[in-house]
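Letters A, B, ... mirror the listed sequences (proteins, then strands); counts begin at 1.
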Number of protein chains: 2
Amino acid sequence: MADSGWHPVRRTRTFEDVLAQIERRIAEDGLTVGDRLPAERHLAGQLGVSRSSVREALRVLETLGVVSSHAGRGPDAGAVLTSRPDSALTDLLRLHLGLASLELREVIDTRHMIEQWAASHAAAARADTSALADALSGMDRARTAEEFVEHDTAFHCAIADASGNRLVAAIMRSLRDSMCKYAVEAVERLGDTSILRTDHERILNAIDRGEAAEAARAVSDHLAHAYPSLFGQ
Amino acid sequence: MADSGWHPVRRTRTFEDVLAQIERRIAEDGLTVGDRLPAERHLAGQLGVSRSSVREALRVLETLGVVSSHAGRGPDAGAVLTSRPDSALTDLLRLHLGLASLELREVIDTRHMIEQWAASHAAAARADTSALADALSGMDRARTAEEFVEHDTAFHCAIADASGNRLVAAIMRSLRDSMCKYAVEAVERLGDTSILRTDHERILNAIDRGEAAEAARAVSDHLAHAYPSLFGQ
DNA sequence: GACCACTGTATGGTCAGACCATACCTAAAT
DNA sequence: ATTTAGGTATGGTCTGACCATACAGTGGTC
């Protein structure tokens with residue numbers, strides 16, 4: 001086996017068993033977003049385990065953005081299947097950045113890769129750019145670095161969305177969210193943000209005109225402007 | 001706030017509080033990989049919550065690949081900080097693929113992007129290619145489709161590793177792992193794998209000679225060979 | 001003194017049962 | 001028909017217990 005996930009020799013834990021059962025049920029019963037899982041107590045009874053174990057399994061699924069739990073009674077209550085990979089990815093990146101097991105440089109390089117790809121694909125597909133234009137006008141109204149970064153993030157995520165690939169978009173959103181703090185610092189260090197504004201216009205226009213290569217170049221130049229220290233070498 | 005992770009109006013759950021406390025402690029105490037968290041019972045006592053809540057928080061951290069729990073006594077026991085983003089990403093992708101909230105096409109496109117980027121970066125950096133050569137020779141010895149895919153996966157992950165970006169490598173590994181099943185099907189459908197073998201040699205040689213553009217082209221051609229149905233249009 | 005078997009103990013893993021907060025459902029009261 | 005009060009199923013939390021694991025110490029044996 002590949003070395004990717006070596007697990008120590010250990011009896012399967014109960015909640016892992018529950019996890020596998022739930023996953024199997026999702027696959028076999030063709031459950032999809034919006035469907036409900038049985039109540040915790042019922043699941044525990046059906047699987048012959050305690051409620052704690054079921055809860056730990058559900059907690060894992062919730063962490064992975066697969067279910068969402070709501071108390072109370074009615075159609076919205078209980079563990080509902082959802083699709084929220086973004087927050088899971090964000091948490092993952094944030095924690096590993098905090099643990100220093102990932103460096104900012106790596107995150108920004110990854111973002112560079114994604115954004116270039118997304119911009120050129122969006123251009124090639126002649127994607128709708130109204131969301132990008134909205135974010136652009138939002139940046140003009142921004143009065144603080146935080147507000148600026150917020151609209152900047154929206155712009156870049158809109159590029160990823162425009163690529164039409166939801167996985168890429170989710171990764172992009174998580175990357176931005178997890179490095180939000182550093183982005184604010186970068187903007188404050190930069191002072192004048194007009195060049196970023198111009199860069200964005202250039203990206204938007206390239207996508208609008210369907211010029212994939214120019215869109216990729218524009219993204220690359222933009223990141224070099226935003227993080228000069230990482231691209232100086 | 002950005003729309004990325006809207007949380008319904010709800011009192012913070014206890015385990016979320018514990019989660020935040022642990023994360024804060026990691027950041028403030030500068031804890032890093034290898035350090036131990038207090039025992040569950042102690043943590044519960046310190047934070048004034050029940051052990052169940054602590055356990056649910058630890059389960060989340062374990063899911064995200066940040067801690068690893070071991071029973072018993074001694075230096076290895078307890079919740080130890082680790083850095084295993086790969087399995088978390090793999091689980092996430094696998095589950096969302098199962099939920100049909102992600103399509104195989106999106107995963108393969110993402111892989112295409114990553115692999116092109118990694119190959120050209122590895123070439124530009126004149127990275128060590130011995131791991132790639134090892135995987136290549138492993139493919140020659142493979143006697144079943146599963147074995148073939150295993151070494152194929154190793155080869156492609158080695159490309160990502162050679163790029164020097166751990167985040168990209170982790171994403172690559174997860175993508176491969178989560179679509180392993182489909183890769184076996186693709187190989188079986190293909191029958192003759194010699195063309196894949198030739199493709200790999202071409203990629204390896206391009207990286208070895210530092211030809212970034214050729215490496216990217218070779219990767220692109222290779223994926224077209226492996227998944228002709230997705231690139232025919 | 002070196003080695004080995006036994007016991008103690010701190011740890012995670014699991015279970016059972018209780019209670020609370022929430023939110024819908026229902027039936028009675030107006 | 002509307003309002004209101006109670007019922008009930010749900011998740012969230014807590015308590016306390018017990019088991020399995022694996023190291024740490026203890027004592028005996030050679």
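Each of B:L31, B:V60, B:L37 was compared with B:I22 under the side chain to side chain contact (heavy atoms under 4.5 Å, CB included) criterion, and only B:L37 meets it.
As rounded to whole Å, 11 Å separates atom C1' of C:dT11 from atom CZ of B:R55. In this structure, A:E40 atom CD and D:dT13 atom C1' are separated by 11 Å, rounded to whole Å. Following rounding to the nearest Å, B:E62 (CD) and C:dT11 (P) show an atom-to-atom distance of 17 Å. Residue A:H70 contributes atom NE2, which lies 21 Å from atom P of D:dA9 at whole-angstrom precision. B:L58 places its CG atom 13 Å from the P atom of C:dT14, with the value rounded to the nearest Å. Spacing between atom CZ of B:F15 and atom C1' of D:dG11 amounts to 11 Å, rounded to whole angstrom units. Atom CG of B:L47 and atom C1' of D:dT13 are 15 Å apart (whole Å). Between the C1' atom of D:dT13 and the CD atom of A:E56 lies a distance of 14 Å, rounded to the nearest Å.
By the side-chain hydrogen bond (donor to acceptor under 3.5 Å, both in side chains) test, A:D140 pairs with A:R197, sequence neighbours left out.
Under the 3.5 Å distance criterion, with hydrogens and angles disregarded, no donor-acceptor pair is assigned to the side chains of A:S68 and A:T82.
Considering every non-hydrogen atom in both A:L196 and A:F148, the closest pair reads CD1-CE2, 3.9 Å. Minimum interatomic distance between B:E106 and A:N165 (heavy atoms only, all atoms of both residues): O-ND2, 3.0 Å. Between B:A133 and B:L204, the shortest heavy-atom distance links the atoms CA-CD2, 4.1 Å.
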Anything under 3.5 Å between a protein N or O and an N or O of nucleotides 23-26 of chain D, put it in a table, one pair a line.
unit_1, atom_1, unit_2, atom_2, d
D:dC23, O4', B:R73, O, 2.7

Just the table, please: protein N/O against nucleotides 14-17 of chain D N/O, every pair under 3.5 Å.
unit_1, atom_1, unit_2, atom_2, d
D:dC14, OP2, B:S50, N, 3.1
D:dC14, OP2, B:S50, OG, 2.9
D:dC14, OP2, B:S53, OG, 2.8

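B:A39 comes within contact range of the sugar-phosphate backbone alone, with a heavy-atom separation under 4.0 Å but no base atom that close.
The pair A:E56-A:R59 does not count as a salt bridge, with every side-chain nitrogen at least 4.0 angstrom from each carboxylate oxygen. Under a 4.0 Å N-O distance rule, the pair B:R173/B:D161 qualifies as a salt bridge.
The side chain of B:A71 sits closest to C:dG12 out of D:dG12, D:dT10, C:dG12.
OP1 or OP2 of D:dT10 sits under 4.0 Å from a side-chain N or O of A:H42.
Using a 30° and 60° split on the angle between ring planes, B:H222 and B:H200 fall in the perpendicular class, above 60°.
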